[in-house]
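The structure appears right after this line, and notes come after that.
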Amino acid sequence: MTTLEIKVNKQHILDIIRMEPVWPQKEGNDEKEIHYYHITDALNRKWQTIGYNVSDAIEVFEKEQNNVWTRIIEPAPFNPKLTTNDLIQMFHISSEDEHIRIAMQIILNSVERRNEFIARSIYINEQDTFNLLCNMKSEYLRHLRLTDEEFTELYAANPVEALSVYFLESVDILLYWEWVGAGGTCEKAIQYKQDVPEITLIQAIERAEDEVDHYISGY
């Protein structure tokens, strides 16, 4: 029934049930009628789609993206034990998409955030998954980052972890020493984040280097 080429829904289907006809007829060949189908996906969400048969309904489910015939009718329940590894499995994040795996681990660093990610996801494919991660990272950096006190306390205990959580990006010991070598401190990180909430650590390092250069040159 569908001629779309791009698969926008790539998650596994756990269950599919044929429901009533879309346009009931008094008489006719049931095999030629379009039926509603209810699908339960790997995220434990229930969808409604349509098709002549199971194969056709699955094809519509995988490729339909205008919400006319294919839509979520029951969201996934909150999972208090949801882990990052669970998400990686559910969203089919391959080993080749290491940047998405790392982003999930850093950005979705609580069970509440991981459940929010599922609640806000619609179609499961690499591009939509990455776009949602970027949007949520931006929101967290602008509205839900660590408080100054939390960051200061964590920075004193483990500066590498503190910078990773504060900037929501991967930070290793080499990048930390680059930050320190540029004159970076806990106080400067707080100041830079207050000025530009979405500043990256590399941009913060460049800003710290510029401040040192200006101080040395006297300008």
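Atom set for the values below is all heavy atoms of this structure, side chains included, hydrogens, waters and symmetry mates excluded. Nothing fancy with the numbering, it's 1 onward along the sequence.
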Tell me, with the steps shown, if Thr129 and Ser121 meet side chain to side chain contact (heavy atoms under 4.5 Å, CB included). CA-CA 7 Å; Thr129 297; Ser121 296; over 6 Å; no
Applying side chain to side chain contact (heavy atoms under 4.5 Å, CB included), name anything that partners [X], two or more places apart in sequence or on another chain.
| X | value |
| --- | --- |
| Asn85 | Thr83, Ile88 |
| Glu149 | Thr147 |
| Gln203 | Ile199, Thr200 |

If you measure from [atom1] on [X] to [atom2] on [Y], what distance do you get to the nearest 0.5 Å?
| X | Y | atom1 | atom2 | value |
| --- | --- | --- | --- | --- |
| Glu33 | Arg18 | CD | CZ | 8.5 Å |
| Asn131 | Glu126 | CG | CD | 11.5 Å |
| Asp15 | Ile17 | CG | CD1 | 4.5 Å |
| Ile39 | Ile58 | CD1 | CD1 | 6.0 Å |
| Leu43 | Asn115 | CG | CG | 10.0 Å |
| Thr70 | Lys63 | OG1 | NZ | 12.5 Å |

With sequence neighbours left out, write down each residue that passes ring pair (Phe, Tyr, Trp, His ring centres under 6.0 Å) with [X], or none if nothing qualifies.
| X | result |
| --- | --- |
| Tyr155 | Phe151 |
| Tyr36 | none |
| Tyr37 | none |
| Phe117 | Phe91 |

Just grab all the salt bridge (charged side-chain N to carboxylate O under 4.0 Å, His left out) pairs involving [range], residues at least two apart or on different chains.
| range | answer |
| --- | --- |
| residues 34-52 | Asp41-Arg45 |
| residues 158-185 | none |
| residues 131-143 | Arg120-Glu139, Arg142-Glu198 |

Co-membership, hydrophobic cluster, residues [X] and [Y], 4.5 Å side-chain:
| X | Y | value |
| --- | --- | --- |
| Tyr166 | Val160 | yes |
| Leu168 | Phe130 | yes |
| Leu141 | Val196 | no |
| Ile118 | Tyr140 | yes |
| Leu82 | Ile124 | yes |

Walk me through whether Lys188 and Glu211 qualify under side chain to side chain contact (heavy atoms under 4.5 Å, CB included). CA-CA 11 Å; Lys188 282 191 175 183; Glu211 290 176 353; 3.4 Å; yes
So, Asp86 and Lys81, do they make that salt bridge, N to O below 4.0 Å?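 A salt bridge is absent here (no side-chain N lies under 4.0 Å from a carboxylate O).
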Quick check: do [X] and [Y] have side-chain heavy atoms less than 4.5 Å from each other?
| X | Y | value |
| --- | --- | --- |
| Ile16 | Thr40 | no |
| Tyr192 | Arg207 | yes |
| Pro21 | Ile34 | no |

Quickly, which of Leu108, Ile107, Asn79 forms a side chain to side chain contact (heavy atoms under 4.5 Å, CB included) with Arg114? Name it, please. Leu108
Under 6.0 Å from the CD atom of Glu153, do we count more than 12 heavy atoms belonging to anything else shown? no
Is the number of heavy atoms from other residues, nucleotides or ligands within 6.0 Å of NE2 (His12) greater than 12? no
Taking all non-hydrogen atoms of both residues into account, name the closest pair between [X] and [Y] and its distance.
| X | Y | value |
| --- | --- | --- |
| Val8 | Tyr123 | O-CB, 3.4 Å |
| Leu144 | Arg113 | O-NH2, 3.5 Å |
| Leu133 | Ala103 | CD1-CB, 4.1 Å |
| Arg145 | Lys193 | NH2-O, 3.6 Å |
| Gly184 | Ala208 | N-CB, 4.4 Å |
| Ile106 | Ser170 | CD1-N, 3.2 Å |

Checking one residue: Ile73. Which other hydrophobic residues are in its cluster under the side-chain 4.5 Å linking rule? none
Could you go through Gln105 and Asn109, starting from their C-alpha distance and side-chain angles, then the distance that decides it, and tell me whether this counts as side-chain hydrogen bond (donor to acceptor under 3.5 Å, both in side chains)? CA-CA 6 Å; Gln105 292 170 349; Asn109 54 20; over 6 Å; no
Stepwise side chain to side chain contact (heavy atoms under 4.5 Å, CB included) test for Ile122 and Arg71: CA-CA 9 Å; Ile122 300 178; Arg71 59 189 178 89; over 6 Å; no
Determine whether Asp148 and Glu150 satisfy the following criterion, side chain to side chain contact (heavy atoms under 4.5 Å, CB included), listing intermediate values before the conclusion. CA-CA 6 Å; Asp148 296 349; Glu150 290 171 336; over 6 Å; no
Kindly state whether the ring of His35 and the ring of Tyr52 have centres lying under 6.0 angstrom apart.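 They do not qualify: ring centres at least 6.0 Å apart.
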Are any side-chain N or O atoms of Asn9 and backbone N or O atoms of Phe61, one a donor and one an acceptor, separated by less than 3.5 Å? yes
Are Asp97 and Ser94 linked by a side-chain donor-acceptor pair shorter than 3.5 Å? yes
Can you list the residues that meet the side-chain hydrogen bond (donor to acceptor under 3.5 Å, both in side chains) rule with Tyr176, with sequence neighbours excluded? none
